[in-house]
Amino acid sequence: MSQAVGGYVGKILVIDLSERRAEAISSEPYQQWGGGHGMGSALFWDYCKDKTVGPFDEENVVTICTNPFSGTPVPSSSARVEIQGIGSFADPEWFTRSSMGGRIAGMIKAAGFDACVITGKAAERTWVSVVNGAVEFHNADDLWGLDTAQTQEAIWERITGGVEDGAWYSLGRSRDDGRSTQKPAVMCIGPAGENLGRTATITHDASHQAGQSGLGAVWGWKNLKAVSFMGTGSVPVADPSALIDLRIEFQKRFAYNVDDPVLETPDPDAAVYGFITRQPGFNGIFWNARDMISRPYGCQGCIRNCRHNFDDGVGNGIMCAASLFYQAADDLKDQIRAADLQNKLGMNGFESSIISYCRNLYKKGVLGPGKQIESNLPFDKYGSWELAEAFINAIAYRDDIGADLAEGSMRAVKKWGRWEEDSANGTFMYPQWGYYYHYDPRLEVEWGYASVMSERDVNEHGLNWHVHWMPLVCSMVGEKPLVSAEDLVHRLAESTTLGDPLCFDYSEEGIYRDATIRKVAWMRHYGRFWVQSMGMCDWVWPYLIDYTSPDGSSKPATPDFEPRMYKAVTGLDITFEESLERGKKIYALDRAIWYLQGRNRDQEVFAEFVYTLPTSAPYFLPVYENGSWTYGTCLNRTLDRAKFETVKDRFYEHEGWDVATGCPTRETLESYGLGYVADALEQAGVLEKEEG
């Protein structure tokens, strides 16, 4: 077994549910991938022998991976785990990813492991306890049917012995077994996952959700209710002094200082402004919840604390889509209660947002009692708690139209015979792989291009904060943008190391430029390594612009801090360029897995509305037109179908993939030491056998 070194504790836990057996293997062979996503993809490759199986198959493997930064003071980077496997949500069902923060990553390492691999299917309902390296399998019949909060509370009670909050308890019978005041970090599913809802999440604490993947349903199919981690171990760091100095430096330069705020929100309605200026307690619920009693809450090690804990405990930690899907609520508290309910039932908030589409069908006379789409849900009481509760429960327990919606909104709309019409006219905007419209793929193209050439909504905000949200929010409150469009693109060109301001040109010509393709590649490579493999939260990282110095006198954290923190933790030197190359390697491995699953170039297309429905609302982005930079409104835009195909050609070529198919070439794979992957692709008939 390898020794604990530089951010790694040295072991990976492999759980075989079929045999109720666990073993520890060395993490050393997988440390070359960093951690998180890279480590998970490599483990999936090794442990999933048949990568053509579906999500509900005993051969499907789920990985849970920490990273070297987990459990350390690296700012906004110590909490996240990456969870991977063949997901049930997307259409088709690709090998996919999700992630979550909270306390989970540090506790997995404190329990003695860098990662966990889950194989097989349990013969009975099961939950697994991991305490300081010791693994126990338990029957979960008494937990089945409980919501995610009740499940975690029951497991806390059993492991701690029911001690009061904050009290010491022993983790074993001997003195050397350790003791703690901390609750175990539990990952679990709710009723939605038990009922194999493809929109089901894996939940940790109040509202940390691994959501957009359908892996909650995979756990339900495997009869796995929960995995609990508890430990008293430590995380080795190569240079603790340097790491603490970096933490303090980052805190002083970039974290919000409540005693000396440099840049304040100009209007309390401009909640998103806080995303950009790094103020605590800002998320999608803030502009409605600002009059409620709450305090900021964040993941372990975070300097931002973007969530809320409310005085009555209802809706603690709710975020983003979960908090916003029922904005039609007549009472704000009902909006928060609705988010709280879906988190407890273990459901993806993005998918719940289809409630407004269903209401539109009801108003058209298409959906309702005795209608084409039969439903007895009270859509005549839209905005009420009664409808919200009934709608959420219908999906979680597969009642009424919830039986269809539990399969994913796109599958439901196709079953109802409305996909062709409603996806073309913009009534139902799900641009790729069955995922909800997040940011406009006709305009903010790096988000759309990256999503359609991956396997899910990409969900990486590093560029999005600056190119879209900053000018948008400033316009919402009647303020000038914090920096000019020209200044913005030059700063982004420098901090990303792309060097070319035209990378950030969102004009009608700019979105098809080679420079844009380089930007998309940068986004995938940074995301795959720093965000998804090193666990750096994308609501902070990459830190590309420091708005506390509008004149640009204060340099941002990226690209300087990431390699310095990597060395402080691991003891290894890495340049920023080398880190992006590692991200490219991880992306190539993922791509190879998708091609073994049957991916082909023709599948990488958007829904019809992207090509045919012009944009009709202002969408602020920097554009270079008539020889100058401005923030354009980008009206009346569609994505040109033929030009997008040329984007694919050039992106494939940039990545070292076959232009005709989109599959990584043998030459590319071998350049990364992945000749064995090329061999598998060749054996499967995906790559033509090369002579010599």
Of the non-hydrogen atoms in [X] and [Y], which two are nearest, and what is the gap between them?
X      : Y      : result
Met100 : Ile202 : CE-O, 3.1 Å
Ser180 : Met230 : OG-CE, 3.4 Å
Ala110 : Asn132 : O-OD1, 3.6 Å
Pro68  : Gly34  : CD-O, 3.7 Å
Ser88  : Gly214 : OG-O, 2.8 Å
Gly71  : Gln300 : CA-NE2, 4.1 Å

Okay, side chain of [X], backbone of [Y]: is any donor-acceptor separation there less than 3.5 Å?
X      : Y      : result
Ser26  : Lys11  : no
Arg80  : Met536 : no
Thr201 : Thr203 : no
Arg125 : Leu143 : no
Glu670 : Glu667 : no

Does [X] pair with [Y] as a salt bridge, N-O distance under 4.0 Å?
X      : Y      : value
Asp239 : Lys567 : no
Asp205 : Lys183 : no
Glu351 : Arg198 : no
Glu604 : Lys648 : no

Can you tell me how the ring of [X] sits relative to the ring of [Y], calling it parallel under 30°, perpendicular over 60° and tilted otherwise?
X      : Y      : value
Tyr435 : Phe89  : perpendicular
Phe576 : Trp530 : parallel
Trp594 : Tyr587 : perpendicular

Open item on the list: Pairing donors with acceptors under 3.5 angstrom, does anything connect the side chains of Thr558 and Glu562?
Closed with: yes
Give, for atom [atom1] of [X] and atom [atom2] of [Y], the distance between the pair rounded to the nearest 0.5 Å.
X      : Y      : atom1 : atom2 : result
Ile155 : Met187 : CD1   : CE    : 12.0 Å
Ser228 : Ile159 : OG    : CD1   : 3.5 Å
Lys51  : Asn60  : NZ    : CG    : 11.5 Å

Task: Residue pair Glu446, Lys519: steps toward the salt bridge (Lys or Arg N to Asp or Glu O under 4.0 Å) verdict - done: CA-CA 7 Å; Glu446 70 273 8; Lys519 173 183 60 180; 3.2 Å; yes
- [ ] Measure the shortest side-chain to side-chain distance between Ile86 and Val218 over non-hydrogen atoms and say whether it is less than 4.5 angstrom.
- [x]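 No; the side chains remain at least 4.5 Å from each other.
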